[in-house]
Amino acid sequence: AGFVVRLFIIQHDCGHGALFRERWANSTVGIVCSLFTLTPYTLWRRHHAAHHGNWNNLDRRNSGSDIYSSCSTVAEYRAFRPWQRLLFRLSRHPLIANVLLPPFIFVLLYRVPFDTPRDWWRERRELYATNLAIGAVVVAAGLLLGFGQVLKVQLPVIAMASIIGVWLFTLQHRFDGARWARQGNWEFTQAALESTSYLRLPKVLQWFTGNIGFHHIHHLDPRVPNYRLQECHKAVAGAGATRTLTLGSSLRALRLVLWDEERGRLVRLGDAAVTRQRARPGGY
C-alpha cells in the first residue's frame with residue numbers, strides 16, 4: 001500500500017509535467033502508474049489542474065474542487081433542508097469520508113467518467129482504455145495465480161492505499177488555521193502559504209508519501225518534482241508562514257468540514273450547531 005501511494009505521487013508529478021522535460025515521457029510513466037493506482041491518468045490530471053487554479057476559493061468551489069479539497073460554509077449548512085443536512089453529515093463523518101468512501105472511489109467510481117463534461121472525449125477514451133488494461137492485468141494474474149489469491153492481495157492493498165491518499169489530500173487544505181477566501185480576497189502566494197499545510201512526517205513515511213507533505217511548496221510551483229520539495233521548503237523565504245501538522249494534529253483536523261466566515265476559521269459540524277443556537281434569541 002505504501003508503494004502504491006508513492007506510485008500515485010509519481011503519477012501526480014507526471015500530470016504536472018514535473019518529472020520529465022518531454023510531455024510524452026510524463027504521460028507514458030503516468031499511464032503506467034495508473035494501472036497500479038486504478039486512477040485514470042488523463043482525466044485525473046485535468047481535474048487536478050482545475051484544483052490548482054481554485055484551491056480554498058469560496059467563490060470557485062465548483063471549478064475543480066471535490067469533497068476532500070473543498071468545504072461548505074456554516075451559512076450554507078444552516079440553509080440546507082433536513083435531508084440535505086443528513087446527507088452532508090453522513091458523507092463528512094470521519095469513518096465514512098476517510099475509511100469507507102476512498103476504496104469505493106478508487107475501485108468503482110474511477111471506472112466511470114463521473115463529473116466529466118461530454119466534450120472531454122480524450123479523457124473519456126483514455127478512461128475506458130485504462131479500464132481495459134486493468135481488466136486484462138487482473139484476468140492474466142487470475143488465470144496464472146488464481147482469482148481468489150489476486151483479490152485477497154490486491155483489494156486490501158488498494159483499500160489501504162486509497163485511505164492513506166485521501167487522508168493526505170484532505171489535510172492539505174482542511175486543517176485548523178487554514179485560510180479560505182472569497183475571490184476578491186484570494187491571492188496566489190498567500191493562498192499557497194496560508195491555505196495549504198506542511199505535514200511533518202517521520203522520514204520513512206515522508207518517503208512513501210513522496211514528500212507531498214510539503215504541499216505549500218507544491219502549490220507555489222507544481223513543476224517542482226517531489227524529490228526537490230524539501231530542499232525548496234528550506235530555501236523559500238516565508239515558507240514558515242504555513243501551518244505545520246503532525247500525525248496527532250492531523251487526526252483532529254479530519255472533523256473540520258465547515259468554514260465559519262464570521263470567525264474566519266474552519267469548524268466542526270457540532271460547532272456550527274452551537275453557534276446557531278446561541279444566535280437565536282432565547283435559544284431553542
Side-chain angles (χ1 to χ4, degrees), residues 47 50-51 54-106 108-109 114-115 159-160 162-183 185-186 191 194-199 213 215-216 219 242-284:
H47 278 302
H51 159 76
N54 304 297
W55 78 94
N56 288 47
N57 187 327
L58 291 170
D59 290 326
R60 304 193 66 181
R61 285 169 290 171
N62 294 325
S63 304
S65 63
D66 55 57
I67 184 177
Y68 295 108
S69 64
S70 186
C71 72
S72 296
T73 67
V74 170
E76 290 167 346
Y77 175 73
R78 292 174 183 167
F80 286 162
R81 295 183 177 181
W83 66 268
Q84 292 175 313
R85 197 172 301 169
L86 176 62
L87 288 179
F88 185 90
R89 293 179 71 91
L90 287 175
S91 65
R92 267 65 173 184
H93 189 282
L95 289 178
I96 295 177
N98 299 284
V99 178
L100 298 181
L101 283 182
F104 168 79
I105 291 171
F106 279 79
L108 297 177
L109 196 59
F114 75 100
D115 196 25
M160 288 187 288
S162 64
I163 289 170
I164 295 169
V166 165
W167 168 69
L168 289 169
F169 201 67
T170 302
L171 296 176
Q172 289 159 5
H173 297 283
R174 289 210 316 255
F175 54 92
D176 189 20
R179 181 178 182 271
W180 289 71
R182 294 291 179 182
Q183 176 66 24
N185 296 319
W186 194 93
E194 297 183 8
S195 301
T196 58
S197 64
Y198 162 40
L199 178 60
H215 207 64
H216 54 303
H219 268 272
T242 195
R243 175 65 185 271
T244 300
L245 298 178
T246 62
L247 285 174
S249 60
S250 67
L251 295 176
R252 294 189 295 270
L254 295 177
R255 290 187 173 275
L256 302 175
V257 296
L258 293 172
W259 176 256
D260 191 324
E261 293 192 82
E262 294 181 0
R263 292 188 283 176
R265 59 179 297 182
L266 285 166
V267 298
R268 301 171 302 174
L269 287 167
D271 296 328
V274 170
T275 303
R276 183 184 184 186
Q277 187 175 21
R278 289 176 178 172
R280 288 199 173 206
Y284 292 111

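We count residues from 1, following the sequence as given.
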> For A191, which residues count as a side-chain contact (heavy atoms from CB on, under 4.5 Å) partner, sequence neighbours excluded?
Replying inline: W55, W186, S195
>> Can you list everything that forms a side-chain contact (heavy atoms from CB on, under 4.5 Å) with S249? Sequence neighbours excluded, please.
In response: L245, T246, R252
Which atom of [X] lies closest to which atom of [Y], heavy atoms considered:
X    : Y    : answer
A97  : P102 : O-CD, 3.4 Å
R179 : N56  : O-ND2, 3.2 Å
C71  : R174 : CB-CD, 3.9 Å
S162 : P103 : OG-N, 3.3 Å
H173 : W180 : O-NE1, 3.6 Å
A178 : W259 : O-CZ3, 3.4 Å

Does any N or O in the side chain of [X] come within less than 3.5 Å of the main-chain N or O of [Y], such that one atom is a donor and the other an acceptor?
X    : Y    : answer
R85  : F80  : yes
D260 : V267 : no
N98  : V166 : no
R243 : D176 : yes

>> Aromatic contact between H51 and H47, with the criterion being ring centroids under 6.0 Å apart: yes or no?
In response: no
Distance in Å, [X] [atom1] paired with [Y] [atom2], rounded so as to fall on 0.5 Å steps:
X    : Y    : atom1 : atom2 : result
D271 : L256 : CG    : CG    : 8.0 Å
R92  : L90  : CZ    : CG    : 11.0 Å
E76  : E261 : CD    : CD    : 7.5 Å
H215 : F169 : NE2   : CZ    : 6.0 Å
R255 : H93  : CZ    : NE2   : 5.5 Å

> Is there a side-chain contact (heavy atoms from CB on, under 4.5 Å) between L258 and F88 once you walk through the steps?
Replying inline: CA-CA 11 Å; L258 293 172; F88 185 90; 3.8 Å; yes
> Do L247 and L199 have side-chain heavy atoms sitting under 4.5 Å apart?
Replying inline: no
>> Please identify which of these residues, N57, D59, N54, meets the side-chain hydrogen bond (donor to acceptor under 3.5 Å, both in side chains) condition with Q183.
In response: N57
> Among all residues two or more places apart in sequence or in another chain, which pass the side-chain hydrogen bond (donor to acceptor under 3.5 Å, both in side chains) test with R265?
Replying inline: none
> Do V257 and L269 pass the side-chain contact (heavy atoms from CB on, under 4.5 Å) test, and can you show the C-alpha distance, the side-chain angles, and the key distance before you say yes or no?
Replying inline: CA-CA 7 Å; V257 296; L269 287 167; 3.7 Å; yes
> Stepwise, does the side-chain contact (heavy atoms from CB on, under 4.5 Å) test hold for Q172 with T196?
Replying inline: CA-CA 5 Å; Q172 289 159 5; T196 58; 5.6 Å; no
> When you look at E262 and V74, which way does the side-chain contact (heavy atoms from CB on, under 4.5 Å) test go after all the steps?
Replying inline: CA-CA 9 Å; E262 294 181 0; V74 170; over 6 Å; no
